[in-house]
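The next block holds one structure in the form of structure tokens; read it before the comments.
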Amino acid sequence: MALAAAAIVAALVVATLAVAAVESWAGITDASAAYLLAVVAVAVWLGTVAAVITAVGAFFLYNALFIEPIGTLLVSDPREWLNLLLFLFLGLVVGQLAGRQRERAESALLRERQARALYEVSRALAAASSAREALPAIVGMLSSDRVGSRAWISLSDAAGPERPAADSGGPAAPAVPASHRVVRRAAGNEPPAWVRVHDPRYAHPGAAPSAEDTYRVPIESPGGSRGSVWVTRPRSAGPPGRGDTRVLLSIADQVGQALERDRLAEQAVSAAVARRSEAAKTALLDSVAHDLRTPLAAIRAAAGSLADPEAQLDGGERLARAAAIDRDAARLSRLVTNLLDLSRLEGGDLRGRPAIMVVEDLIADAVDRHADLLAGRPVTVEVAEGLPPVVVDAVFIDQVLANLLENVAAHTPAGTAVRISASMVGDDRVRVTVEDAGAGVAEAALASLFVRAGPRPAPAGRGGRGSGIGLVVVRGLVEAMGGTVSAARSALGGLRVDVDVPVAPAVIGAPEGAGQGGP
Amino acid sequence: MTEGAAASVLLVEDDIATRAEVTTFLRARGLRVTEAADARSAVLAWQGARPDIVVLDLGLPDVDGLTVIRRVRREATTPILVLSARDREASKIEALELGADDYVTKPFSTGELLARLHALLRRAAGPAAESDGAVRLGSLRLDVARHEVTVGGRPVHLTPREFEVLKVLVGHAGRVVTHGRLLRAVWGTAYGEEAHYIHVYVSQIRRKLAAADPDGDLGGLIHAEPGVGYRVMLPGDGDRRTGAGT
């Protein structure tokens with residue numbers, strides 16, 4: 001205020017000296033325009049009110065100092081009245097215009113700054129995959145824009161206390177004194193105000209008195225309070241101005257909306273996941289129920305015949321039924337094994353115990369062990385010469401080969417040729433291939449053979465029997481050993497499944513000939 | 001199958017249906033059977049009956065079946081055949097390392113169980129050692145003193161390590177030798193890097209035996225039990241398959 005008054009006085013003094021100089025030395029009778037310059041200058045610097053005061057002051061000064069009789073506010077020449085009144089009118093108009101211009105420029109600047117700040121906040125929120133991720137950029141902008149010397153945003157999860165989620169300040173957590181200022185949003189067009197509160201909820205026990213004041217803007221969302229935007233400012237700077245306050249409020253609003261969006265998106269995703277996994281579970285249950293019932297039906301039928309005292313079965317017939325019961329019970333047992341493996345694979349608690357093994361032996365052992373699965377289908381084994389040892393889990397690979405052989409048996413007519421081969425792929429993988437001369441699988445269905453999800457169209461040309469769990473388990477076990485599995489059309493005409501497993505690293509002290517497959 | 005005709009079996013199994021079925025079957029096949037439903041009565045029955053062989057379910061209602069193995073092994077070398085679920089490789093290995101002689105994976109067929117029982121009873125009757133200390137298994141002859149292996153009289157050239165591996169396996173013919181036991185026997189407790197190649201050693205031995213065995217008499221002599229160990233089959237083990245493969 002005092003500064004403004006001094007500026008007005010100074011402007012009037014300078015203008016008076018200028019008028020005196022021009023009128024006495026240059027001999028110009030009316031140099032009152034110099035006062036108008038002073039009015040414009042004051043308007044530009046201090047605004048409309050100061051300009052009007054200056055104009056009125058100039059009117060009296062000019063009258064007293066330069067119009068006869070000098071030293072009084074009397075005017076001797078009536079023509080001078082007109083000049084004086086014109087001067088006053090001009091002064092007022094010019095002052096008002098210049099002042100208003102200045103205010104417009106000022107508020108345009110303020111708006112521009114707010115718009116820029118809001119744009120940056122929106123951009124940070126849009127670019128980040130979640131609201132939390134954008135917070136560091138936002139607090140960085142607040143402190144670099146000098147809204148606060150330090151800015152941070154704290155968030156609360158559920159009903160827990162707020163914790164800083166992003167902080168422009170140093171490594172130490174910000175210490176909030178119990179007494180700080182909170183913005184109060186006013187109704188209607190009233191500007192928001194800062195209110196000092198004593199709120200121990202936010203207080204930091206070790207908060208030392210400092211030369212800074214702390215300001216809090218609550219982040220509200222439809223779900224309730226989500227946290228706060230905080231700034232500290234030097235006490236001498238006073239509370240944030242109108243513009244800064246608006247920026248802070250908008251940031252709180254935008255962050256609140258973004259958090260709410262995140263929450264809704266998360267809910268939608270988990271609902272969708274639940275729906276999908278529910279659908280997959282139902283599909284799996286349907287097919288598993290079918291797979292379980294088929295052998296159970298055969299077992300009950302055979303047992304029923306055996307138990308019937310009226311049935312006239314001879315020794316051979318009785319044995320055949322007992323053998324059928326044994327075979328179907330074994331089938332049930334394999335299905336249960338696969339189901340257990342599947343659930344343990346999906347639970348992530350099936351860990352292999354990798355060992356260095358020879359592929360030729362693995363295949364020979366598996367064919368020997370699971371010959372009964374193939375029920376007389378002719379098997380050819382072709383193992384390339386000189387294959388290096390591989391790193392696999394013996395139990396996993398045995399289960400993989402058993403499942404592949406059972407898959408062939410389930411989907412090909414009796415007598416279909418089966419080929420098991422092994423060869424190098426690149427220089428660090430051995431490929432074990434199981435293929436058959438059956439009808440194969442349609443090209444489009446190959447990729448989904450190893451996936452347990454949703455209802456799958458029955459593979460063309462292959463019997464509908466089998467839930468496909470066997471192949472899903474194959475993939476799980478192979479991947480658990482660091483290998484890969486893929487399906488293709490076999491040169492034999494049917495399905496071809498390639499299992500690639502890693503070659504054993506060279507180890508010092510390997511037995512002679514360990515790297516050679518030949519006898 | 002006459003060796004075990006008069007043999008007595010202690011069957012420890014808590015499931016009544018399984019126990020009844022197995023008992024009926026074994027009696028029908030000429031074995032004497034004593035039954036026990038839990039570990040406590042198993043130990044009592046063992047002390048009273050001193051059976052020729054123990055068939056032991058690992059999952060018992062009172063205490064772990066492993067306790068029974070420890071208890072029996074404190075006093076006797078009676079063969080122990082363990083019944084175990086397929087997905088419990090670790091407990092099978094533990095049982096074998098504690099002194100069980102073999103295992104059958106549940107669910108098993110009675111035929112499988114009988115084949116294992118007979119193998120163990122035959123083995124308990126004494127090793128097929130010749131007067132000079134050499135061991136004979138079908139056409140395979142392993143002379144420990146002279147470090148010599150022949151198949152049908154044809155020499156098989158094994159490296160010292162390969163010979164040791166085969167010696168341990170043959171020495172436990174008819175029983176499962178766990179990988180751990182094989183490693184300790186051949187490489188000692190501080191086995192080194194090359195022990196990782198145990199499966200490769202066995203593969204080499206199989207190949208060398210097969211090369212000296214054009215008729216395939218010894219095919220499947222060394223049987224792999226995935227994740228557990230190896231088993232050398234006794235001649236006459238008709239059913240080479242075990243429960244582990246189902």
Side-chain angles (χ1 to χ4, degrees), chain A residues 322-323 325-327 329-334 336-337 340-341 343-344 350 352-362 364-366 368-373 388-402 406 504-519, chain B residues 85-90 92-93 105-112 157-162 165 179-180 183 187 191-213 219-220 222-230 233 239-246:
Chain A
I325 290 177
D326 191 45
R327 192 180 56 238
R331 202 165 121 199
L332 275 179
S333 170
R334 284 193 299 273
V336 170
T337 299
L340 281 176
D341 281 352
S343 107
R344 289 197 291 169
L350 192 58
R353 290 186 305 154
I356 299 170
M357 313 279 296
V358 178
V359 173
E360 196 179 349
D361 288 31
L362 290 173
D365 286 341
D368 180 45
R369 192 186 303 278
H370 305 297
D372 56 330
L373 288 181
V390 293
V391 181
V392 291
D393 177 283
V395 178
F396 288 7
I397 201 82
D398 187 69
Q399 179 78 7
V400 163
L401 290 169
E406 189 175 26
V507 174
I508 302 157
E512 66 286 0
Q516 284 137 44
Chain B
R86 176 256 170 204
D87 54 334
R88 304 248 185 270
E89 262 76 30
K92 283 177 199 165
I93 292 170
T105 303
K106 279 182 159 184
F108 55 87
S109 78
T110 41
E112 240 174 81
H157 298 291
L158 298 181
T159 65
R161 277 281 193 246
E162 289 165 1
V165 171
H179 298 140
L183 287 173
W187 279 271
Y191 42 80
E193 287 283 285
E194 59 170 356
H196 291 301
Y197 277 88
I198 184 163
H199 303 291
V200 182
Y201 279 99
V202 172
S203 178
Q204 302 274 34
I205 297 168
R206 282 172 156 183
R207 215 159 284 148
K208 288 180 179 180
L209 293 178
D213 178 32
I222 303 176
H223 194 91
E225 297 294 339
V228 178
Y230 286 100
M233 311 301 288
D239 187 358
R240 291 210 308 271
R241 282 175 296 119
T242 69
T246 54

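Proximity of B/Q204 to A/V358: side-chain heavy atoms (C-beta onward) are nowhere separated by under 4.5 Å. In this structure, B/H199 and A/P389 have side chains that are not in contact, with every pair of non-hydrogen atoms separated by 4.5 Å or more. In this structure, A/M357 and B/I198 have side chains that are not in contact, with every pair of non-hydrogen atoms separated by 4.5 Å or more.
The nearest pair of heavy atoms linking A/V395 to B/G227 is CG2-CA, 3.5 Å. A/R369 and B/P226 get closest at one heavy-atom pair: NH2-CD, 3.1 Å. In terms of heavy atoms, B/S109 sits closest to A/D326 at CB-OD1, 3.9 Å.
Residue contact with chain B, scored on non-hydrogen atoms closer than 4.5 Å, involves the backbone and the side chain of A/D361 alike.
One finds the CD1 atom of A/I356 at 12.5 Å from the OG atom of B/S203 (value rounded to the nearest 0.5 Å). Atoms CG and CZ, on A/D365 and B/R206 in that order, are 4.0 Å from each other to the nearest 0.5 Å.
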